[in-house]
Structures are given as structure tokens and as C-alpha cells.
*Asks:* 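Take a look at this one; I'll ask things after.
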Amino acid sequence: MRLGWRAICGPVLTAATLLLAILLDRSVPSPAPLFVCIVALAGALSGFASAIASAALAVIGAALLFLTHRAVPFATADLVQLGLLAVTTAGTAGITGLMRERLLDTFAAERQSHATAARLSAALDQVDIGIVLLDAETRAEFINRAFRDYFAVPDDIADGKPPFIALMYHGRDTGAFELPEDELGTFIAQRMEMVRIGDATPINIALRSGEVLRFVCAALPDGGRMLSYTPVTDLVRHTDAPSRADYYRSLRDPTSRNLIRYLRVAE
């Protein structure tokens, strides 16, 4: 137990209460309930050591009070009262000390968890893969820096935990997607359906800026989703054979008729 105002608070209050009871003599009721409260306070402030020290002082002080106030020291009733006080204060010290230790452990674990989350968030902001974490209601709990840059999402919107549909409409309104306007509605609906069912099929998304991102949706155990947008611009636009350009473009939507037509021709 480290000495400090928290550690000595309980014993000092117990001693002060005893002195006050001795000075006032018989004009005040038994201080036993007050002793229990002081022990509980000591346990909450400093832990078991301070609480048990306060409990010991309370029992010793109560014994001294009985000696000074009784013609026959330590009658049976006095011993019963001392025993009840000892049990009550010791139990209070143990319970409050244990509760304090558990609370401190919980706070320490939460601080560690927050520190780990902060480090992970900072690390994800350094990668060039767009990352979005959705909760079970498809609201964005985390959006890393790469995704914000790819789709020009302002920080005030990203930090406001927007629903995924709002992010899709933001990309549509800012002209982020390299798609005709009449196809955007279908494109957004298909992406929403993929996220809803947790479809992990990779999809290439072309942006008007010239970037091509490979979109993957991963279902999480808590019902949320992790969305990743990996830049594959060089892979798709520069290293592919010109004769297979239609195939790679059709990969952006594997349910489209272009892919089906291509596969039929390939056969």
C-alpha cells in the first residue's frame, strides 16, 4: 500500500471518530455504523490494506470505549457487539477492496483496448488499401484515410458514422465512379446487396480519377462487415492483354451480361 492521502484517509477518519466519541462520552450513540461506512470508504479509495487497517482501528477503539464506559469490562453483550463489529468491518473491507481491484483491472483493460485500437487505426491510415468497418446495421464505425482520399469523403462525414448507402450516394454525387449515370442506380443496389448478404466475391471498381479498386466484403462474427478497396490499377489497366480488355472490364460486375457473353464466346 502506497502512503498517500487515499491510503491514510480511512485510518485517520477512524481515529478521529474514536477521539470524538471519547470526548463526547455517553452523549452520542454507538459509532459502529459510522465505522463500517469509514471502512467502506477506505476500501473504495485505497483498497483492502487501508480498509482492513481502518477495521482494526475501529475494533480496538470500540473495545477501549467499552472499557471506559462499563463498570465490568467486556460483558457478554459487549463481546457480541465487538464480534459483530469485527465481522462486519472485515467483510466490508474485503468486499470493497475486491470491488476496487476489479474496477481497476477493468479500467486498465479498457485503456489497453483503447490504446490498441488507436494504434491499429493509425496503422490502417498508413496503408493504401481503403478500409471501412460496418456494424450490424451497416453504419461505418471506421473509415481509414485511403478510402476518404479515393472517394473524397470529408472528415466530418466520415467521422459521423454514416450508413454505407450514404457513402455510395456520396460517391455517386461527387462523380467518383467511372460509370454512365443510368447504370449507377443498379451498381449501388448490387453493392448494397453484396454487403447485406456478406458476399465475398471480389469486384473491380473503376474510378473517374483513373484508379481501379478491388472491392471485397468480409462478414464479421458480430454481424458487421469489413470492406476493403485494394488498388489494382496497374494490374488491370496496364498489364492485361488488349484482347482480354472486355473480360477485365466485365469483372467489375460478375452478374452483368457482358461477362456471361464473354464466357460464352470463350467456350
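Numbers here simply count residues along the sequence, with the first being 1.
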*Asks:* Look at atom CD of E141 and say whether more than 12 heavy atoms of other residues, nucleotides or ligands are closer to it than 6.0 Å.
*Replies:*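 Above 12, so yes.
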*Asks:* What verdict does the salt bridge (charged side-chain N to carboxylate O under 4.0 Å, His left out) test give for R225 and D199, after you've listed the backbone C-alpha separation in whole Å, the side-chain angles of each residue and the deciding distance to 0.1 Å?
*Replies:* CA-CA 10 Å; R225 302 287 186 266; D199 187 353; over 6 Å; no
*Asks:* For F177 and F151, I'd like to know if the aromatic rings sit close, meaning centre-to-centre distance below 6.0 Å.
*Replies:*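 Yes.
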*Asks:* Keeping T17 on the side-chain end and L13 on the backbone end, is there a donor-acceptor pair under 3.5 Å?
*Replies:*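 Such a contact is found between T17 side chain and L13 backbone.
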*Asks:* Mind listing the closest non-hydrogen atom pair of P11 and S50 along with its distance?
*Replies:*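 That would be CD-OG, 3.7 Å.
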*Asks:* Which residue in the set T233, N204, T230 passes side chain to side chain donor-acceptor pair (under 3.5 Å) when paired with R214?
*Replies:*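 Only one option passes, and that is N204.
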*Asks:* Applying side chain to side chain contact (heavy atoms under 4.5 Å, CB included), run through V127 and R145 and close with a yes or a no.
*Replies:* CA-CA 8 Å; V127 300; R145 179 56 53 188; over 6 Å; no
*Asks:* How long is the gap from CD1 on I205 to CZ on F187, to the nearest 0.5 Å?
*Replies:*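 If we round to the nearest 0.5 Å, I205:CD1 and F187:CZ are 4.0 Å apart.
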*Asks:* Would you sort out whether M226 and V132 count as a side chain to side chain contact (heavy atoms under 4.5 Å, CB included), showing the intermediate values?
*Replies:* CA-CA 6 Å; M226 185 184 77; V132 178; over 6 Å; no
*Asks:* Does any N or O in the side chain of T89 come within less than 3.5 Å of the main-chain N or O of L85, such that one atom is a donor and the other an acceptor?
*Replies:*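 Yes; judged by distance alone, with no hydrogens or angles, the pair exists.
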*Asks:* Residues in side-chain hydrogen bond (donor to acceptor under 3.5 Å, both in side chains) with R172, at least two apart?
*Replies:*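 For R172, no residue satisfies side-chain hydrogen bond (donor to acceptor under 3.5 Å, both in side chains) once neighbours in sequence are set aside.
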*Asks:* Mind checking side chain to side chain contact (heavy atoms under 4.5 Å, CB included) for L120 and listing every partner two or more places apart, or none if nothing turns up?
*Replies:*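 By the side chain to side chain contact (heavy atoms under 4.5 Å, CB included) rule, L120 matches L124.
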*Asks:* Tell me every residue that passes side chain to side chain contact (heavy atoms under 4.5 Å, CB included) with D128, counting only those two or more places apart in sequence or in another chain.
*Replies:*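 In terms of side chain to side chain contact (heavy atoms under 4.5 Å, CB included), with neighbours along the sequence ignored, D128 is linked to Y150, P231.
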*Asks:* For a side chain to side chain contact (heavy atoms under 4.5 Å, CB included) check, start with the C-alpha distance between F147 and V153, then their side-chain angles and the critical distance, and finish with the verdict.
*Replies:* CA-CA 8 Å; F147 181 92; V153 180; 4.0 Å; yes
*Asks:* Would you confirm whether S46, through its side chain, and A42, through its main-chain N or O, come within 3.5 Å as a donor-acceptor pair?
*Replies:*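 Looks like no, no N/O pair under 3.5 Å.
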*Asks:* Considering non-hydrogen atoms only, spot the tightest contact between G43 and T96 and give its length.
*Replies:*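 Nearest heavy atoms, G43 then T96: CA-OG1, 3.5 Å.
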*Asks:* Return the minimal non-hydrogen interatomic distance between R148 and D159, and the atom names on each side.
*Replies:*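 Smallest heavy-atom distance, with atoms named: NH2-OD1, 2.9 Å.
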*Asks:* If every non-hydrogen atom of L179 is compared with every non-hydrogen atom of R208, which pair is closest and at what distance?
*Replies:*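 Looking at all heavy atoms of both residues, the shortest contact is O-NH2, 3.6 Å.
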